[in-house]
2 protein chains.
Amino acid sequence: MGMPKKGNRKEEILEAGLEVFAELGYYNTTTALIAEKAGISQPYVFKFFKTKEELFEAALDRAYERIVQSFQKVHTDSAHLVDAMIEAYEELSTSHPNEIALQVIGLSVPEASIKEVTRRGLQRIRKDVLDQFKSAGIANANYEVSTFLARGILCNLSFFLDLPELMK
Amino acid sequence: MGMPKKGNRKEEILEAGLEVFAELGYYNTTTALIAEKAGISQPYVFKFFKTKEELFEAALDRAYERIVQSFQKVHTDSAHLVDAMIEAYEELSTSHPNEIALQVIGLSVPEASIKEVTRRGLQRIRKDVLDQFKSAGIANANYEVSTFLARGILCNLSFFLDLPELMK
DNA sequence: TATATTAGTGATCAATCAATAACTAATTTT
DNA sequence: AAAATTAGTTATTGATTGATCACTAATATA
């Protein structure tokens, strides 16, 4: 026994968790399913993540980290900033759809520490985007950021709920 | 035994469910907790709702029904329509906060038939508000409705996540 | 007053699942 | 090549919980 040690186990489990959580939600996802997708036994998951909750938090954190990075990479003049941001977001939703779905899933998980990860993620996005809007000299930056966030979230939802007419 | 029959049991259970679901989310809510809040035994719940899921759907449906009704009652000229709608929504979130919370909860429950209730609810809100915007002669009605919905949902979330700065 | 119906409960079960414990095999180190 | 460490597994369990079943008490009806 003892299959040859493959690449980074923790990373593989995180990625498998991300996929399954994004598809089935937090509560319908079992650690057995994650383990199966990662090609390991169920208990081995707990060698890398103390609890299922901790694993979910790590995955959700990655999803927020990625979107923050994407937005930070955008540099353009005030006339095209919003459009460029939207484009960055659209790229993300095709390159990493699971992470977008996970953010939606995370929005309404009532577990306190998961809520906290969502809170921090949204706060960070807001702050970063606001800074960019301001330094580009966009008027009413606060209001525009809220609208930008709001439309982004509605877009996620319309994707998650399979309800495209929400965003016409 | 057999306590005196109180008012409408089904209604009481629905209301109790609404409260507990709104507070704890779909999965963390047990039928025992709902029964306790309704002042009956746990199995009796199933005399009125075949499954926990069916009870949740009924509660969620009520929440969407109420918001649709609220918006339909708004009548004013195009210059004040959006503001009046926002006001109607704000009234609702103080008079029926549980129903607002339940809508957020419902957004990311992956169970197919619950998702369907959310879909229908959002579609109905969108259609109704769009009709009102159009007949008031608001320009870019489609776009304005999306923005209106988006900001409404963001507002729900900022309330649910206890993250007021999201809506500054 | 017998009978049927309605309202409700206690006991229990079958399934699910996160997490632990105890173990084995492979690899690395000395 | 022994010892120690790392990688991984199998077996199991303890708790939870939706749902069913069999029953009792109250009320209405004839």
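Naming: A, B, ... by sequence-line order, numbering from 1 per chain. Everything numeric here is computed off the predicted structure, so don't read it as measured data.
Contact check, A:R9 against D:dG8: a side-chain N or O comes under 4.0 Å of OP1 or OP2. Residue A:T30 has no polar side-chain atom (N or O) positioned under 4.0 Å from OP1 or OP2 of C:dC17.
Between B:Y44 atom OH and C:dG10 atom C1' there is a gap of 15 Å when expressed in whole angstrom units. At whole-Å resolution of the value, CZ in B:F49 and P in C:dG8 are 14 Å apart. Rounded to whole angstrom, the span from the CZ atom of B:F48 across to the C1' atom of C:dT6 amounts to 10 Å. For the pair A:N28 CG and C:dA18 P, the computed distance is 11 Å after rounding to whole Å.
Side-chain atoms of A:E15 do not come within 3.5 Å of backbone N or O of A:K10 as any donor-acceptor pair. Of the possible donor and acceptor atoms, one in the side chain of B:R126 sits under 3.5 Å from a partner among the backbone N and O of A:E165. B:R119 places no side-chain N or O within 3.5 Å of a backbone atom of A:L163 that could act as its donor or acceptor partner.
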From CA spacing to verdict: side-chain hydrogen bond (donor to acceptor under 3.5 Å, both in side chains), B:R151, A:T147: CA-CA 7 Å; B:R151 295 187 66 91; A:T147 303; 2.7 Å; yes

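Comparing atom distances between the A:F46 side chain and each of D:dA19, C:dA19, D:dT9 picks out C:dA19 as nearest. Distance from the side chain of B:P43 is smallest for D:dT20 among the nucleotides C:dA19, D:dT20, D:dG18.
As judged by a 4.0 angstrom heavy-atom cut-off over every strand, B:S41 is placed among the base-contacting residues.
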